[in-house]
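Only a predicted model underlies this, so the values are computations on that prediction, with no experimental measurement involved. Side chains are part of it too, since the values below use all heavy atoms of this structure and drop only hydrogens, waters and symmetry mates. Residue numbers start at 1 and run along the sequence shown.
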Amino acid sequence: MEKKELLYEGKAKKLYKTDEDGVLWVEYLDQATALNGAKKDAVSGKGALNNQITSLIFDRLKDEGIPSHFIEKISKTEQLVKFVSIIPLEVVVRNTAAGSFSKRLAIPEGTSLAFPIVEFYFKEDRLDDPFINDDHVRVLSIATTEEIQEIKALAKRVNDALRTLFQKAEIRLIDFKIEVGRDTDGGILLADEISPDTCRLWDMKTQEHLDKDIYRRDLGDLVPVYQEVLQRLAD
Ligand code: UDP
């Protein structure tokens, strides 16, 4: 497989075409960002950690029969994925109150929710990714009613699988964000990454943050923390 021209450069990843139709080459970068890119730093080793963590997770999700874009990890910082047309939604699943949910509803961080909830944010940097509902998704022609149901069901399956996976690593899955895309036949696939950049993970015993809140809230160095997450998942 040969890496071809750069297709897209995101905040923490570069996407390249390959010599194979429908296959993309992803390179994870040593970059941390928060607040929609307003806070940005080079963090040596982060790309390799996130690629290894997300590859391990997508492999496990594949074992659970969850359809995704992931093909394989090809180096410490690189992976191959299927081309999908990304649906411009940040799909957030919450098991426990934290972050924007706690702020918006004045519910203290750490409060367990009676059941997992799925939220949609319109992925549009210009608008700061606003919180939207199913009707907005339909009226903006982001997805159809059937697709919305499919995306929610997929998000809940991912949540069930991730909770089990993290529980074995003595990690509490507070919330996470996924992205989904359409393959060439219009089928919905899980896409993007699942890593401590996109999940809130708390140590089950100490309740310490094992995720990007370390960086967002200036709580210390995120590399040893991400290393710990990888180690626990791999054990
Ligand atoms: N999240 C993400 N990317 C974003 C926004 C949120 O990966 O652009 C993840 C975040 O890491 C957390 C979950 O989605 O696990 C819920 O985030 P929240 O809405 O609470 O926003 P925040 O407090 O991070 O601004």
Side-chain angles (χ1 to χ4, degrees), residues 1 3-28 36 50-51 53-74 78-94 116-162 175-195 197-199:
M1 180 85 50
K3 185 159 103 176
K4 296 284 193 186
E5 71 265 30
L6 181 70
L7 195 64
Y8 167 81
E9 180 162 1
K11 294 184 188 107
K13 295 189 276 287
K14 280 183 174 170
L15 247 72
Y16 298 87
K17 285 188 174 172
T18 66
D19 52 352
E20 198 173 313
D21 217 23
V23 178
L24 301 182
W25 185 298
V26 188
E27 185 189 342
Y28 280 73
N36 218 344
N50 268 359
N51 182 48
I53 294 169
T54 193
S55 294
L56 184 152
I57 290 175
F58 273 77
D59 266 333
R60 303 280 172 87
L61 295 179
K62 193 186 280 179
D63 295 342
E64 296 292 320
I66 292 175
S68 81
H69 73 157
F70 184 72
I71 301 174
E72 60 175 339
K73 173 161 78 74
I74 49 170
E78 296 159 303
Q79 57 176 235
L80 296 178
V81 301
K82 285 181 212 158
F83 172 82
V84 294
S85 169
I86 291 285
I87 296 174
L89 287 177
E90 299 208 329
V91 181
V92 169
V93 181
R94 300 182 187 272
I117 60 169
V118 180
E119 295 176 346
F120 293 132
Y121 294 82
F122 182 28
K123 204 170 132 63
E124 178 56 82
D125 280 348
R126 207 164 40 88
L127 303 174
D128 234 357
D129 301 345
F131 182 40
I132 56 174
N133 70 17
D134 296 20
D135 284 345
H136 294 94
V137 173
R138 287 168 52 217
V139 92
L140 295 173
S141 301
I142 296 170
T144 64
T145 308
E146 292 71 31
E147 284 177 327
I148 292 169
Q149 294 320 314
E150 201 178 332
I151 292 166
K152 285 185 175 172
L154 178 67
K156 286 182 179 158
R157 276 182 79 192
V158 171
N159 186 43
D160 289 342
L162 288 182
D175 59 30
F176 62 95
K177 183 261 311 182
I178 56 170
E179 294 186 25
V180 295
R182 296 182 187 94
D183 64 15
T184 41
D185 304 323
I188 302 284
L189 297 184
L190 175 65
D192 195 49
E193 70 176 284
I194 298 178
S195 71
D197 270 10
T198 64
C199 301

- Item | Close side-chain approach of I132 to Y121, heavy-atom, < 4.5 Å | no

- Query: For the atom pair CD1 (I151) and NZ (K156), what is the distance rounded to the nearest 0.5 Å?
  - Reply: 13.0 Å

- Note on the structure: Looking only at heavy atoms, the pair that brings A155 and F176 closest together is O-CZ, 4.0 Å

- Query: Rounded to the nearest 0.5 Å, how far does CD1 of I148 lie from CG of N133?
  - Reply: 9.0 Å

- Y16 to K14 - nearest heavy-atom pair and separation: OH-CD, 3.3 Å

- Query: Any side-chain heavy atom of T54 within less than 4.5 Å of one from K13?
  - Reply: no

- Task: Check the pair I178 / V93 against side-chain contact (heavy atoms from CB on, under 4.5 Å), numbers first and verdict last.
- Result: CA-CA 8 Å; I178 56 170; V93 181; 5.6 Å; no

- Task: To the nearest 0.5 Å, tell me how far N36 CG sits from E124 CD.
- Result: 10.0 Å

- Message: Can a donor-acceptor pair be found, under 3.5 Å and without considering hydrogens, that links the side chain of T18 to the backbone of V23?
- Response: yes

- Verdict with supporting geometry, E90 and E179, side-chain contact (heavy atoms from CB on, under 4.5 Å): CA-CA 6 Å; E90 299 208 329; E179 294 186 25; 4.1 Å; yes

- Item | Heavy-atom side-chain contact between K82 and I71 under 4.5 Å | yes

- Exercise: identify the closest heavy-atom pair between I142 and R182: O-NH2, 3.0 Å

- Below 4.5 Å, heavy atoms only, C-beta onward: do V81 and F58 meet side chain to side chain? no

- Message: With a 3.5 Å distance limit and no angle check, can you tell me whether D185 reaches the backbone of G187 through a side-chain donor-acceptor pair?
- Response: no

- Message: Contact between D134 and K152 at the side-chain level, heavy atoms closer than 4.5 Å - yes or no?
- Response: yes

- Message: Applying salt bridge (charged side-chain N to carboxylate O under 4.0 Å, His left out) to R157 and D160, what does each step give before you reach the verdict?
- Response: CA-CA 5 Å; R157 276 182 79 192; D160 289 342; over 6 Å; no

- Task: Could you please spell out the steps behind the side-chain contact (heavy atoms from CB on, under 4.5 Å) verdict for I74 and K3?
- Result: CA-CA 12 Å; I74 49 170; K3 185 159 103 176; over 6 Å; no

- Might you confirm whether atom NZ of K17 has over 12 heavy atoms from other residues, nucleotides or ligands at distances under 6.0 Å? no

- Message: For a 4.5 angstrom cut-off between non-hydrogen side-chain atoms, does L162 reach R60?
- Response: no

- Closest non-hydrogen contact found for F122 with P88 is CD1-O, 3.4 Å

- Would you check if D19 and M1 make a side-chain contact, meaning some heavy-atom pair closer than 4.5 Å? yes

- Task: Give, for atom CZ of F70 and atom CG of L190, the distance between the pair rounded to the nearest 0.5 Å.
- Result: 11.0 Å

- What distance separates C199 SG from I57 CD1, expressed to the nearest 0.5 Å? 6.0 Å

- side-chain contact (heavy atoms from CB on, under 4.5 Å) between L24 and Y8, intermediate numbers included: CA-CA 11 Å; L24 301 182; Y8 167 81; over 6 Å; no

- Task: Mind listing the closest non-hydrogen atom pair of T198 and I194 along with its distance?
- Result: OG1-CA, 3.4 Å

- Would you indicate whether the side-chain heavy atoms of E119 and R94 approach each other to under 4.5 Å? yes

- Item | Straight-line distance of D129 CG to L89 CG, nearest 0.5 Å | 10.5 Å

- Message: To check you understand the geometry: which heavy-atom pair defines the closest contact between E193 and Y28, and what is its length?
- Response: CB-OH, 3.3 Å

- From L154, I188, L61, residue fulfilling side chain to side chain contact (heavy atoms under 4.5 Å, CB included) relative to P67: L154

- Message: Quick check against the 3.5 Å criterion: does H69 have a side-chain atom that pairs as donor or acceptor with the backbone of D192?
- Response: yes

